[in-house]
Amino acid sequence: MAKSGRKASFASLGKHKKRLEEQPMRVQFAIDPNRFKRYSATGAGILLDYSKNRIDEEVMASLFDLARAAGVEERRDQMCEGEHINITEDRAVMHMALRYQGEHPVPVDGQDVMPEIRAVLAAIKAYTDAVRNGEIRGHGGEQITDVVNIGIGGSDLGPSMVTLALAPYTRPDLRAHYVSNVDGAHIHDTLKGLDPKKTLFIVASKTFTTDETMTNANSARAWIADALGEEAVPNHFAAVSTNIPACAKFGIREDRIFGFWDWVGGRYSVWSAIGLPIALAVGYDNFAAFLKGADAMDRHFLSTPLENNLPVIMAVLGVWYRNVWGFSTHAVLPYDQRLSRFAAYLQQQDMESNGKSVTLAGKPVGWSTGPIVWGEPGTNGQHAFYQLIHQGTDVIPADFLIAAKPHEHLPPHHDKLVANVLAQSEALMLGKTEEEVVEELKAQGLSKARIKELTPHKVFPGNRPSNTLFYEQLTPETLGSLVALYEHKVFTQGVIWNVNSYDQWGVELGKQLAKALLPKVAGEQSGEGHDSSTQGLLAYYLANKG
Ligand SMILES: O=P(O)(O)OC[C@H]1O[C@H](O)[C@H](O)[C@@H](O)[C@@H]1O
């Protein structure tokens with residue numbers, strides 16, 4: 001689709017807006033008892049209710065037309081076939097192969113990658129089983145009780161989010177910790193209270209050059225060497241990377257290096273050996289089930305017509321709000337405490353993928369691309385930022401996530417959680433009209449003057465969009481399906497926006513400047529040549545660093 005075609009499509013979608021404003025959702029629900037049935041779909045064990053959106057059949061049809069015209073289906077096939085759709089890095093995008101459960105070969109650049117993938121999975125199984133059952137121990141023969149994963153970005157957010165989400169599957173005698181920040185406080189506070197004899201470090205880095213990770217890895221190495229001697233280091237470290245020689249150079253034993261490949265983007269790497277700490281924490285079988293759940297969502301994405309395709313539906317709704325209504329943020333609100341890092345994980349997945357402003361051809365895009373993604377678990381958020389979602393000047397489309405079955409038997413907690421999530425989407429959709437507010441205040445016996453004064457503050461505009469994702473229980477399979485659902489949503493939006501969702505050049509500039517600033521911050525070089533703000537801040541630091 002030509003650039004002008006996209007622009008024209010977004011503009012022509014605008015003609016539907018007025019109709020949807022004049023007939024808000026509360027009216028549409030009143031006239032159509034089938035609205036839930038019409039606008040809900042299931043896939044890989046997940047129910048998506050998207051009926052509480054500013055849509056009607058005409059809008060949805062136009063949005064699916066747009067997805068088709070933009071080439072979503074063709075690009076999806078190209079991705080599967082191993083084409084180098086990551087054009088700026090000249091790489092295939094094959095994270096789906098990492099969780100593929102079928103028997104067919106999966107060629108990348110003419111070579112079937114499945115034997116290699118399966119070999120790494122077998123090595124992960126053997127190693128994690130051995131650590132968990134005490135066959136592999138620390139240098140002095142003690143059983144490993146604490147695993148510290150050192151990584152950042154995709155080498156941290158996926159495994160840390162998943163470990164937390166799958167807490168019911170962990171063992172109290174084998175704890176996983178995650179150190180990412182170059183701020184020494186992170187590793188310091190993590191190691192405080194840990195016993196070097198029983199601690200295993202995983203250095204996780206696709207490139208094995210990321211400064212934060214190498215700095216933390218060196219501090220961890222010194223912590224082990226100081227406590228147990230240099231010779232203990234190989235028994236307390238494993239590594240995950242695409243850069244095997246760099247892992248060996250760091251002193252990691254060859255049989256404790258777990259590889260992956262350049263066709264796996266960092267933010268899509270949780271399915272690769274980057275999942276090693278997950279397998280340690282919840283056991284290999286649960287990690288395998290997580291992969292299986294993702295594969296189930298892949299099958300759904302690859303084979304379901306766009307009209308019933310969960311990731312595609314969520315993607316086109318996002319485009320509708322971003323490009324036609326101009327909404328710039330998207331909230332992800334899990335009513336699932338264990339998904340408390342899910343939004344943070346999705347921030348990288350979505351914002352690093354679609355936070356782009358040139359097309360695949362390198363021309364400025366003429367439309368908005370990726371939204372700001374954010375969120376916190378409910379019900380906590382209700383007592384913090386939901387005020388703005390209900391009555392603020394910005395409209396914030398939201399995804400609510402909720403399980404039917406909790407892992408705990410603690411009535412009445414879960415019923416209350418469910419009542420709250422349903423209440424929120426209902427309140428956002430319905431709002432509260434002036435007449436309703438007046439009635440309510442009259443019933444409370446307030447004076448006419450007070451009612452007049454209070455009414456504008458108590459009116460809720462309503463017609464605020466949300467999706468609800470319902471799943472049976474937050475199992476490893478379900479979590480895999482959920483993560484893959486969002487991956488394919490991001491992919492679909494990237495195709496519609498015509499950007500490369502698989503590079504991240506925007507991360508580079510800050511890295512380069514930090515490197516140049518370090519000798520100046522360390523007081524080894526003068527700070528001249530920088531802007532006056534940077535120089536002023538540098539001078540303050542040097543005067544106060546102590
Ligand atoms: O795994 P690594 O090579 O250490 O990279 C860690 C992270 O750093 C980079 O800055 C990228 O923006 C991320 O996509 C990546 O996940």
Side-chain angles (χ1 to χ4, degrees), residues 85-86 88-95 98 120 148-163 178-183 186-187 201-221 237-250 252 257-278 341-357 369-370 373 483 486-487 490-491 494 499-518:
I85 64 166
N86 176 359
T88 60
E89 296 180 322
D90 193 18
R91 288 175 183 165
V93 174
M94 293 302 293
H95 48 274
L98 299 169
V120 173
V148 180
N149 187 80
I150 296 178
I152 197 164
S155 302
D156 165 68
L157 287 161
S160 60
M161 179 276 288
V162 171
T163 307
Y178 290 87
V179 171
S180 51
N181 203 327
V182 77
D183 183 343
H186 203 177
I187 189 154
F201 291 96
I202 300 170
V203 185
S205 174
K206 180 175 168 181
T207 54
F208 226 75
T209 56
T210 303
D211 191 46
E212 288 91 333
T213 301
M214 298 333 293
T215 304
N216 278 319
N218 285 323
S219 297
R221 193 183 205 287
F237 277 85
V240 181
S241 187
T242 57
N243 186 352
I244 310 288
C247 300
K249 209 166 153 209
F250 184 85
I252 313 273
I257 300 172
F258 301 86
F260 64 112
W261 306 272
D262 71 359
W263 40 260
V264 183
R267 54 192 171 276
Y268 299 92
S269 64
V270 67
W271 323 101
S272 72
I274 288 291
L276 185 71
I278 305 173
R341 294 294 289 160
F342 195 59
Y345 170 79
L346 290 182
Q347 281 178 331
Q348 187 197 15
Q349 191 201 83
D350 196 322
M351 294 164 79
E352 206 173 62
S353 296
N354 287 340
K356 310 286 161 70
S357 40
T369 62
V373 176
V483 175
Y486 279 91
E487 280 181 355
V490 166
F491 164 86
V499 297
N500 182 4
S501 302
Y502 299 100
D503 61 12
Q504 56 286 316
W505 303 106
V507 181
E508 296 301 316
L509 180 60
K511 280 193 199 173
Q512 284 164 9
L513 295 187
K515 212 171 192 176
L517 272 161
L518 185 58

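Note that ligands are numbered from 1 as they come in the structure, with each ligand's atoms numbered from 1 the same way. Scope of the values below: all heavy atoms of this structure, side chains included, with no hydrogens, waters or symmetry mates.
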*Asks:* Applying the side-chain contact (heavy atoms from CB on, under 4.5 Å) test to Gln504, which of Met351, Glu89, Gln348 qualifies?
*Replies:*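 Of the listed residues Met351, Glu89, Gln348, the side-chain contact (heavy atoms from CB on, under 4.5 Å) partner of Gln504 is Glu89.
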
*Asks:* Taking 4.0 angstrom as the limit and counting only heavy atoms of Val507, give me the atoms of ligand 1 inside it, by number and element.
*Replies:*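 Those of ligand 1 that fall under 4.0 Å from Val507 are 10 (O), 12 (O).
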
*Asks:* Which residue supplies the protein heavy atom nearest to atom 6 (C) of ligand 1, what is that atom called, and how far is it?
*Replies:*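 The protein heavy atom lying closest is Ile152 O, 3.2 Å.
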
*Asks:* Can you sort out which atoms of ligand 1 are near Thr210, meaning under 4.0 Å from one of its heavy atoms?
*Replies:*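 By the 4.0 Å cutoff, the relevant atoms are 2 (P), 3 (O), 4 (O), 5 (O).
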
*Asks:* Going by side-chain hydrogen bond (donor to acceptor under 3.5 Å, both in side chains), Tyr178 matches just one of Thr163, Asp156, Asn149. Which one?
*Replies:*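 So, applying the side-chain hydrogen bond (donor to acceptor under 3.5 Å, both in side chains) to Tyr178 and each of Thr163, Asp156, Asn149, only Thr163 qualifies.
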
*Asks:* Looking at Gly153, which atoms of ligand 1 are within less than 4.0 Å of one of its heavy atoms?
*Replies:*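 Per the distance check, 16 (O).
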
*Asks:* In the protein, which heavy atom is nearest to atom 3 (O) of ligand 1, and how far is it?
*Replies:*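 I find the closest protein heavy atom is Thr207 OG1, 2.7 Å.
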
*Asks:* Indicate yes or no: at least one non-hydrogen side-chain atom of Thr207 is less than 4.5 angstrom from one of Asn243.
*Replies:*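 Not touching, per the 4.5 Å side-chain cut-off.
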
*Asks:* I need the atoms of ligand 1 closer than 4.0 Å to a non-hydrogen atom of Gln504, numbered in the order shown.
*Replies:*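 In order of number, 12 (O).
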
*Asks:* Does Arg91 count as lying over the ring of Tyr502, i.e. NZ or CZ under 6.0 Å from the six-ring centre, within 45 degrees of the axis?
*Replies:*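 No.
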
*Asks:* Quick one: which of Lys511, Glu352, Glu508 has a heavy atom closest to atom 14 (O) of ligand 1?
*Replies:*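 Answer by nearest heavy atom: Glu352.
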
*Asks:* Can you tell me if Ser160 and Arg341 form a side-chain donor-acceptor pair at under 3.5 Å?
*Replies:*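 There is no such pair (donor and acceptor under 3.5 Å, judged by atom type) between the side chains of Ser160 and Arg341.
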
*Asks:* Is it true that a side-chain atom of Asn216 and a backbone atom of Gly151 form a donor plus acceptor pair closer than 3.5 Å?
*Replies:*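 A pair under 3.5 Å: no.
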
*Asks:* Indicate yes or no for a side-chain donor-acceptor contact from Thr369 to the backbone of Lys356 under 3.5 Å, with no hydrogens or angles considered.
*Replies:*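 Yes; at least one donor-acceptor contact below 3.5 Å.
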
*Asks:* Please identify which atoms of ligand 1 are closer than 4.0 Å to at least one heavy atom of Ser155.
*Replies:*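 Close to Ser155: 1 (O), 2 (P).
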
*Asks:* At what distance is the nearest protein heavy atom to atom 16 (O) of ligand 1, and which residue and atom is it?
*Replies:*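 Atom 16 (O) of ligand 1 sits closest to the protein heavy atom Gly154 N, 2.7 Å.
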
